[in-house]
Amino acid sequence: MAAVSSAGVDTPRISTLILQRRTLAIGLAVIATITLLAVLAPLIAPYAPNKLSIVNRLKPPSTTWFFGTDEFGRDVFSRTIYAGQLSLLVGAAATTLAAVVGITLGIVAGFFRKADGVVSRIIDAMMAFPDILLAIALVAALGPSLATVIIALGIVYAPRLARVVRASTLVIRELPYVEAARALGVPTWRIMTRHVLRNLVSPILVQATFIFAYAMLAEAGLSFLGVGVSPEVPTWGTMIASGRQYVGQADWVTIFPGLAIILTVLSLQLVGDGLRDLLDPRLRKDL
Amino acid sequence: MSRYVLQRLLGMLTVMFTVVTIVFIIVRVAPGDPAAVMLGPDATPADIEVLRVRLGLDQPLPIQYVYFLAQLARGDLGHSIFLDMPVASALLDRAEPTFFLTLFAILIASAIALPVGIMSAYRRGGLFDQSVTTLTVLAASIPSFWLGLILIQVFAVRLGWFPVAGYGGPDASFLTRMSHLVLPATALGVVSSALITRFTRASMLDVLNDDYVRTARSKGMGELRVVMKHAFKNALIPVLTVIGLTAALLVSGAVVTETVFSLPGVGNLVVSAVLRRDYPVIQGALLVIAAIYVLINFGIDMLYLMIDPRVRY
Amino acid sequence: MLRKLIIAGLAGASMLAASQAFAQERGGVVNVATIGELTTLDPMTATGDLLGMVTQHFFETLYTFDKNWGVTPLLAEGLPEVSADGKVHTIKLRQGITFHDGSAMTSEDVVASLKRWLEVASRGKLVAANLDKLEAVDDYTVRITLKQPFAPLTALLAFNNSAAVVLPSEKIAETLSEYVGTGPYMIKERKPDQYLQLVRFDGYKSREGEPDGFGGARKQYLDEIRFVPVPDANTRVEGAIAGQYDYADLLPVEAFDRLNGQAKTEPLVLKSFGWPMFIMNNKEGMMTKPGLRKAVQAALNSEDMLAAAFGKPDFFAVDGALYPEGYQWRSDAGVEGYNQGNPDKAKELATEAGYDGKPIRILTSRQYEFHYKMAQVAAEYLKAAGLAVQLDVVDWATLVQRRAEPALWDIFITHSPFLPDPALIAPLPASYPGWWASEAKDKLVVELNTEMDPEKRVAIWSDIQKLIYDEAPFYKVGDFNALSAKSPKLGGFTASAWPYFWNAHLTK
């Protein structure tokens with residue numbers, strides 16, 4: 001892969017720094033609110049998410065139904081916050097899986113020269129597949145379900161993390177005190193946990209936030225295509241997919257889950273940007 | 001230099017080989033006997049056995065793998081079950097809309113991203129820069145299919161400016177076919193402009209601080225000239241890289257966008273193939289798309305080499 | 001110059017005077033948005049309304065249906081001469097009919113085609129066991145000799161899916177590689193997932209007289225008919241509104257208000273279009289238990305399912321009878337088993353049947369959005385009765401493939417138009433996926449098929465309907481009307497369960 005020109009430390013103006021912190025704060029606040037809404041859905045939701053009410057089909061937003069009702073007369077607001085549980089769960093679980101696999105692969109590749117060749121080739125090859133396409137193929141191979149979507153997205157995004165981790169590990173292992181520790185005969189696993197992992201926290205955190213955002217977009221895409229989670233499982237993606245039929249007639253069925261995705265992904269990306277600037281200004285230009 | 005090229009070529013081949021292996025594994029993991037899937041419900045167990053033998057499915061996996069490689073080496077991507085045609089021709093049939101969709105999306109994304117990225121780097125920290133930064137993050141947060149649905153509603157259904165779906169009939173002229181791509185390319189272009197904008201901005205920031213730009217400035221060159229002639233020219237290489245990579249990644253976005261707009265492209269083909277359990281098509285499409293990505297990457301590396309022969313990394 | 005002016009003037013005058021005559025001028029291309037791509041264009045080996053709708057333009061049968069659903073000859077000269085014992089059917093063929101490849105149609109082609117139909121078509125197989133002899137008497141006469149009288153034979157021969165179409169004998173193969181028929185249109189080009197392009201067949205010999213339903217004369221006003229697969233229902237609606245499709249098939253009924261008052265399209269409602277049904281797997285798995293089938297029957301609330309699927313009450317009727325008002329076959333026998341929506345009774349029945357908590361696998365497709373919606377409502381009602389449900393949502397083509405595999409599903413959803421003869425009802429024969437087999441049924445079906453007295457047949461059918469509610473091999477959800485959209489420019493077109501575009505024309 002072509003590398004980006006070496007990142008020079010640039011001195012951001014104070015205003016930019018404040019702005020970045022502010023976006024970080026805003027991003028965190030929004031994502032926290034969304035998560036809270038989703039987690040507390042059973043307390044907040046005015047209706048049960050799957051409560052059918054055929055007579056109240058496709059009612060526009062009102063004080064009775066904040067976001068209107070869908071084609072089954074289900075409350076779109078209740079469904080949107082309930083769907084948040086699963087959408088966030090898919091994003092979080094896929095990110096965790098990607099992190100576990102990616103960190104392991106990345107450290108192994110970065111730390112052990114012999115393994116690097118093989119692992120790096122696999123990472124390169126995995127990155128050659130466009131994310132949605134690889135996820136589609138994996139879900140097709142594993143059979144569609146909530147779990148397989150998580151696994152597929154975890155596999156898809158693991159190489160992205162692995163690459164970042166590998167690059168950082170390569171730098172860290174040459175650091176004087178790490179070399180010193182090695183020379184002193186500190187066991188490898190201790191060097192790994194004590195020095196390497198600790199130094200990796202920032203880049204991993206930043207990268208994971210973005211992966212979280214991408215995984216949520218990808219889940220929505222898969223569900224929209226009908227190759228993701230079963231359409232009866234309410235996620236924001238499946239809500240848009242089934243509301244698609246009513247665009248132009250009952251826009252609220254697609255608009256609100258769409259806005260939920262945008263807001264969540266947006267805040268995650270703001271957090272990612274903010275974290276990057278906060279934790280490691282040198283990573284600024286890595287995208 | 002030739003050693004470097006050789007090294008990169010070898011690297012590319014290894015990656016390609018790994019890609020093939022991954023695809024082989026994914027398809028073998030798929031549930032169901034491929035032979036039974038291919039023959040459909042009316043097949044007798046005897047028919048299935050015959051096909052298993054013919055496809056080499058009765059062989060142990062390593063031998064199947066060798067067969068698979070041999071088949072690929074002959075340029076044979078397999079045969080579609082549902083469409084009853086070679087996968088290669090099915091892919092070729094669908095190549096045009098995908099190619100032009102990607103091309104237009106890149107053009108639209110670059111047309112937005114380059115000026116905006118340069119401007120916001122130049123006016124770094126200002127109101128424009130701040131708004132742009134926020135907007136690009138916003139654009140990158142919109143699911144392209146959602147944007148597509150809205151574009152269809154406004155520009156195709158309400159205003160009637162563009163076709164709603166498809167790629168024109170049997171006698172559709174090139175221009176008609178392209179008119180079918182305006183909305184999908186816009187949806188895709190806007191969403192992917194974010195990445196290019198951020199990259200352009202970052203690269204410009206990099207070079208704006210470089211000595212030679214400072215020198216040019218101190219020599220009293222006009223600001224615009226400094227920006228365009230020196231800074232942008234040098235920022236161009238990384239920007240081109242990201243454009244190239246975005247192009248390859250756009251195929252991903254194209255998968256969803258093509259489905260929204262019922263465009264008969266490669267992405268749409270893959271999605272239908274998944275719904276139809278047409279494994280040879282999924283396999284072939286994955287291989288070809290990954291191969292294109294690897295080739296683009298190799299091309300970019302070679303481009304670097306041509307521009308700057310000192311590149312070694 | 002003067003002459004030209006006069007001609008132009010005359011043309012203008014006649015245009016005003018006889019817009020009707022001008023409205024039916026030849027020419028034009030129609031784009032027909034269909035619900036999806038077809039696996040095959042062979043209407044013998046496969047069934048399905050879409051297949052019938054498309055292939056009837058290039059393949060023809062010996063008989064077809066007139067506008068009152070009476071059987072009327074198409075490639076046959078007239079209705080068959082039936083011997084007094086009801087066993088020998090002699091069919092005279094029309095002369096001078098040519099196939100799209102230019103060869104003439106003779107009894108040899110018809111016999112070869114019928115042979116294939118008896119072997120491979122699900123409806124042909126119904127006749128095969130009963131067949132004594134199939135022979136060509138002369139170049140234009142075919143004789144079918146049966147072992148037992150079989151009342152629905154002519155209706156079966158007239159049907160357009162699992163259809164007894166006539167193919168040139170030399171083109172007949174296990175798998176058709178060329179689709180050569182006698183129809184008014186022929187295939188020019190097929191691009192999967194993009195279009196099927198049909199063009200006028202200049203060698204077509206139409207019947208004399210006026211069009212009459214699928215029968216009578218078939219006029220070839222249009223130059224071309226293009227079937228465009230558009231699996232997404234909303235895209236069909238939007239394409240119709242934008243004028244991209246001259247006809248859009250099977251639209252979600254909610255779209256009615258959107259289609260109304262549009263410039264480039266108008267809604268087209270077809271009353272009593274058909275009836276959706278949940279077919280249960282009577283061959284393998286948990287639904288083979290009669291008690292569990294009855295539990296599902298007791299659990300389902302048709303009214304909610306229909307309302308969710310079709311929206312406005314104008315678009316559906318909560319009716320358990322298998323034929324709506326106005327059909328001679330109408331009967332109320334057994335309908336108390338319909339629309340119970342009783343979770344407690346269902347729970348009880350399921351427990352009695354030894355239900356073990358395994359999920360009921362409902363196989364459905366989103367190509368017909370209403371199937372999918374009914375499935376979702378049904379799932380809620382089944383869950384209320386303590387039954388677990390797993391929705392397997394695939395595309396229609398896959399569903400058709402999978403439903404043939406008894407191990408893969410417990411219930412699948414399909415729908416049928418109201419057929420002119422109950423013997424044609426798809427899930428009746430034990431060969432149809434669902435595999436309903438019972439002694440009581442076999443006895444009644446044999447009676448229905450061999451009885452030649454129409455009134456007695458109605459009574460037999462009423463008994464069969466009662467049996468359907470007793471044994472619950474499938475569940476009829478209700479009646480529905482269908483919504484399609486057509487361009488105001490498309491004239492001479494009649495709404496139908498299998499829309500056809502001969503006789504249709506475009507006005508300028």
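Any value given below was found using the heavy atoms of this structure, including those in side chains, with hydrogens, waters and symmetry copies removed. Naming: A, B, ... by sequence-line order, numbering from 1 per chain.
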Requested in this report: Flag the one option from Thr18(B), Thr14(B), Ile150(B) with the top tally of heavy-atom pairs under 4.5 Å to chain A.
Outcome: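 Most heavy-atom pairs under 4.5 Å with chain A: Thr18(B).
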Query raised in the report: When only pairs under 4.5 Å are counted, which of Ile152(B), Val294(B), Val137(B) shares the most heavy-atom pairs with chain A?
Result: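 The answer is Val137(B).
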Requested in this report: Check Asn268(B), Val260(B), Val270(B), Val271(B) against Leu225(A) for a side chain to side chain contact (heavy atoms under 4.5 Å, CB included) and give me the one that passes.
Outcome: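 The residue from Asn268(B), Val260(B), Val270(B), Val271(B) that satisfies side chain to side chain contact (heavy atoms under 4.5 Å, CB included) with Leu225(A) turns out to be Val271(B).
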Requested in this report: Using the side chain to side chain contact (heavy atoms under 4.5 Å, CB included) rule, pick out the option among Leu287(B), Ile289(B), Leu286(B) that qualifies with Phe129(A).
Outcome: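 One option only clears the test, and that one is Leu286(B).
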Query - Residue part contacting chain B, namely of Met216(A), when any heavy atom lies under 4.5 Å - result: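 No part of it gets close to chain B.
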Report task. Against chain B, label Ala213(A) side chain, backbone, both or neither, depending on which of its atoms sit under 4.5 Å from a heavy atom there. Result ->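 For Ala213(A), there is no contact with chain B at all, as no heavy atom is under 4.5 Å.
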Nearest heavy-atom pair of [X] and [Y]: which atoms, and what distance?
X	Y	answer
Phe224(A)	Leu149(B)	CE1-CD1, 4.2 Å
Ala128(A)	Val19(B)	CB-CG2, 4.2 Å
Arg244(A)	Thr259(B)	NH2-O, 4.3 Å
Pro143(B)	Ile262(A)	CD-CG1, 3.8 Å
Ile26(B)	Ala141(A)	O-CB, 3.4 Å
Val274(B)	Ala140(A)	CG1-CB, 3.9 Å

Requested in this report: Might you work through the side chain to side chain contact (heavy atoms under 4.5 Å, CB included) test for Trp146(B) and Val247(A), ending with a clear yes or no?
Outcome: CA-CA 11 Å; Trp146(B) 193 78; Val247(A) 178; over 6 Å; no
Report task. Can you measure from CG (Leu133(A)) to OH (Tyr293(B)) and round to the nearest 0.5 angstrom? Result ->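 Leu133(A) atom CG to Tyr293(B) atom OH measures 13.5 Å (nearest 0.5 Å).
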Query raised in the report: When rounded to the nearest 0.5 angstrom, what distance separates CG in Leu134(A) from CD1 in Ile22(B)?
Result: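 Atom-to-atom, Leu134(A):CG and Ile22(B):CD1 are 8.0 Å apart.
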Please look at [X] and chain A and tell me whether the side chain, the backbone, both or neither of the residue comes under 4.5 angstrom of a heavy atom of that chain.
X	answer
Leu138(B)	both
Ala291(B)	neither
Val256(B)	both

Requested in this report: Could you check if a side-chain atom of Asp273(A) sits within less than 4.5 angstrom of a side-chain atom of Arg198(B), using non-hydrogen atoms only?
Outcome: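 Counting from C-beta outward, Asp273(A) and Arg198(B) do come under 4.5 Å.
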